[in-house]
Amino acid sequence: MLTTPAKSILSPWHEGSWYGPCYGANLYRGCCHGCIYCDSRSECYGIENFDTVRAKENALAILERELRSKRRTGLVALGAMSDSYNPFEEQERLTRGALELFERYGFGAAFDTKSPLAARDGDILREIMKRAPAAVSFTVTCADDGLSRKIEQNVAPTSRRLEALASLAAQGIPCGVLLMPILPFVNDTEENLLGILRMAKEAGAKWAFFYGMLGVTLRGNQRMHFLGKIEELFPGMKHRYIAAYGEAYQCPVPDHRRLVPLVIKECERLGLLWRMEDIAALVQSPYDAEARQMRLF
């Protein structure tokens, strides 16, 4: 596959990150999932030819060197800028190799994905969890596979993502869903939102995270791309967005004030966590207790 030069893979430790304090890492650059709303397309991230996936050269050798040099182990969040389980991963196995390195050096792992390929690595995630945290979140925006295929065109539909989630959850790996973005006038119905939550719970999800906002963010070239695609799929929708949001970055769904409490209430009824601090506590707490005990002795 195509490659791109890399000097570093592991980003610095962040105290306020998802799932608690963690490092970050991206083994690939670009994404071919074709989701019409992807914020990683934004020019501020500087990813040229975003739809073309490129592996970072010598990624695993660089990552191993960086892991060995760290005096502080921790959880590594994979794939913030591109899905770690793009179609090339099946053959390239960079994500698999990274997980093996995390297990070897005592680091935890967390990733967000839309790919059922993530279920392949349940065995190594179980090994990681013997010493460190692990967490997997599947982005789920549509209860209906047909709508999912329209707005997330080159990736597995919702039903297959939830099958993968169920497979990992059955192995004791903490899993949840990312309920975002929710596109105004497209998938922002009560039926869709509550349907996702119920399907996620049935699959074994422990959380449904949505940053406290049901909506989408739009900026720069990503806005232009999104508006063009939304008009292709739903004629007349572009002008509806412009009339409702203008140049706003945050675009909450019109019924935001009613739907957010409704989603929270349903999460609590189903026993799904929805605050990131609670999700982080779930993922990190067994290892926090172990670390405290080791420090005591």
Side-chain angles (χ1 to χ4, degrees), residues 1-35 37-70 72-105 107-115 117-118 120-121 124-125 128 132-139 152 154-155 178 180-181 209 217 219-222 283:
M1 69 175 297
L2 295 175
T3 61
T4 187
K7 294 181 179 180
S8 177
I9 300 296
L10 203 63
S11 67
W13 177 278
H14 298 286
E15 289 289 349
S17 300
W18 286 21
Y19 310 112
C22 64
Y23 297 96
N26 286 282
L27 303 162
Y28 296 94
R29 192 169 177 84
C31 186
C32 59
H33 285 342
C35 305
Y37 50 71
C38 185
D39 182 67
S40 295
R41 190 183 297 277
S42 300
E43 57 194 353
C44 61
Y45 299 119
I47 304 177
E48 297 180 2
N49 303 315
F50 179 77
D51 296 294
T52 301
V53 178
R54 287 138 289 170
K56 292 188 176 180
E57 294 174 2
N58 302 313
L60 296 182
I62 294 170
L63 178 61
E64 181 169 20
R65 183 187 69 221
E66 293 177 326
L67 292 173
R68 291 176 64 182
S69 71
K70 297 301 179 187
R72 187 181 198 180
T73 60
L75 185 150
V76 182
L78 280 171
M81 300 305 300
S82 62
D83 198 317
S84 298
Y85 288 95
N86 63 71
F88 300 97
E89 167 60 21
E90 189 165 9
Q91 296 299 322
E92 298 297 323
R93 299 173 71 85
L94 290 183
T95 300
R96 173 78 183 188
L99 294 176
E100 290 170 346
L101 290 173
F102 298 157
E103 191 278 328
R104 184 182 307 167
Y105 292 102
F107 284 75
F111 50 83
D112 311 326
T113 184
K114 290 189 178 85
S115 174
L117 182 58
R120 176 198 67 184
D121 293 334
I124 188 64
L125 289 170
I128 287 171
V136 183
S137 288
F138 288 85
T139 298
E152 301 157 336
N154 303 327
V155 67
L178 300 181
M180 55 188 188
F209 184 60
T217 56
R219 56 181 162 187
N221 60 317
Q222 178 239 357
V283 172

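These values consider heavy atoms only, across backbone and side chains, with no hydrogens, waters or symmetry-generated copies.
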**Item:** Shortest non-hydrogen contact from Tyr23 toward Pro12
**Value:** CD2-C, 3.8 Å
**Fill in**
Asn26 meets the side chain to side chain donor-acceptor pair (under 3.5 Å) criterion, sequence neighbours left out, with none
**Prompt:** Which heavy atom of Ala98 sits nearest a heavy atom of Leu63, and at what distance?
**Reply:** CB-CD2, 3.6 Å
**Prompt:** Can you name the nearest heavy-atom pair linking Gly30 to Val53, along with the distance?
**Reply:** O-CG2, 3.9 Å
**Prompt:** Counting only N and O atoms by type, is there a donor-acceptor contact under 3.5 Å from the side chain of Asp112 to the main-chain atoms of Thr139?
**Reply:** no
**Fill in**
To the nearest 0.5 Å, atom CZ of Arg65 lies from atom CG of Leu101 at 12.5 Å
**Complete:** side chain to side chain donor-acceptor pair (under 3.5 Å) filter on Tyr105, not counting sequence neighbours, yields Glu64
**Item:** Residues, nucleotides or ligands: over 12 heavy atoms within 6.0 Å of Glu90 CD
**Value:** no
**Request:** Kindly indicate whether the side chain of Arg54, heavy atoms from C-beta on, has any atom under 4.5 Å from the side chain of Ile47.
**Result:** yes
**Fill in**
d(Leu125 CG, Arg120 CZ) to nearest 0.5 Å is 10.5 Å
**Item:** Shortest non-hydrogen contact between Leu10 and Glu66, atoms and distance
**Value:** N-OE1, 2.7 Å
Could you go through residues 75-88 and list every donor-acceptor pair under 3.5 Å that involves a side-chain atom there, pairing it with any protein atom two or more places apart or in another chain?
residue	atom	partner	partner atom	Å
Ser82	OG	Tyr28	O	3.0
Asp83	OD1	Tyr85	N	2.9
Asp83	OD1	Thr113	OG1	2.8
Asp83	OD2	His33	NE2	3.1
Asp83	OD2	Thr113	OG1	3.1
Asp83	OD2	Lys114	N	2.8
Tyr85	OH	Asp121	OD2	2.7
Asn86	OD1	Phe88	N	2.8
Asn86	OD1	Glu89	N	3.3

**Message:** If you compare all heavy atoms of Gly108 against all heavy atoms of Phe102, which two are closest, and at what distance to 0.1 Å?
**Reply:** O-CD1, 4.0 Å
**Request:** Would you list the pairs meeting salt bridge (charged side-chain N to carboxylate O under 4.0 Å, His left out) in which at least one residue belongs to residues 11-25, sequence neighbours left out?
**Result:** Glu15-Arg72
**Request:** Could you check if a side-chain atom of Trp18 sits within less than 4.5 angstrom of a side-chain atom of Val283, using non-hydrogen atoms only?
**Result:** no
**Request:** Kindly write out the residues that satisfy side chain to side chain donor-acceptor pair (under 3.5 Å) with Glu100, not counting sequence neighbours, or none if the list is empty.
**Result:** Arg96
**Request:** Determine, stepwise, if the pair Ile62 / Glu57 fulfils side-chain contact (heavy atoms from CB on, under 4.5 Å).
**Result:** CA-CA 9 Å; Ile62 294 170; Glu57 294 174 2; over 6 Å; no
**Item:** Minimum heavy-atom distance between Phe50 and Cys38, given as atom pair plus value
**Value:** CZ-SG, 3.8 Å
**Asked** Heavy atoms, side chains only, cut-off 4.5 Å: are Val136 and Phe111 in contact?
**Response** yes
**Asked** Can you check whether Leu27 reaches Lys56 side chain to side chain, under 4.5 Å on heavy atoms?
**Response** no
**Message:** Could you walk me through whether Tyr37 and Gln222 satisfy the side chain to side chain donor-acceptor pair (under 3.5 Å) test, starting with their C-alpha distance in whole Å, then the side-chain angles of each, then the deciding distance to 0.1 Å, before giving a yes or no?
**Reply:** CA-CA 8 Å; Tyr37 50 71; Gln222 178 239 357; over 6 Å; no
**Message:** Return the OG to CG distance between Ser42 and Asn221, rounded to the nearest 0.5 Å.
**Reply:** 6.0 Å
**Partner residues of Glu43 under the side chain to side chain donor-acceptor pair (under 3.5 Å) criterion, sequence neighbours left out** = none
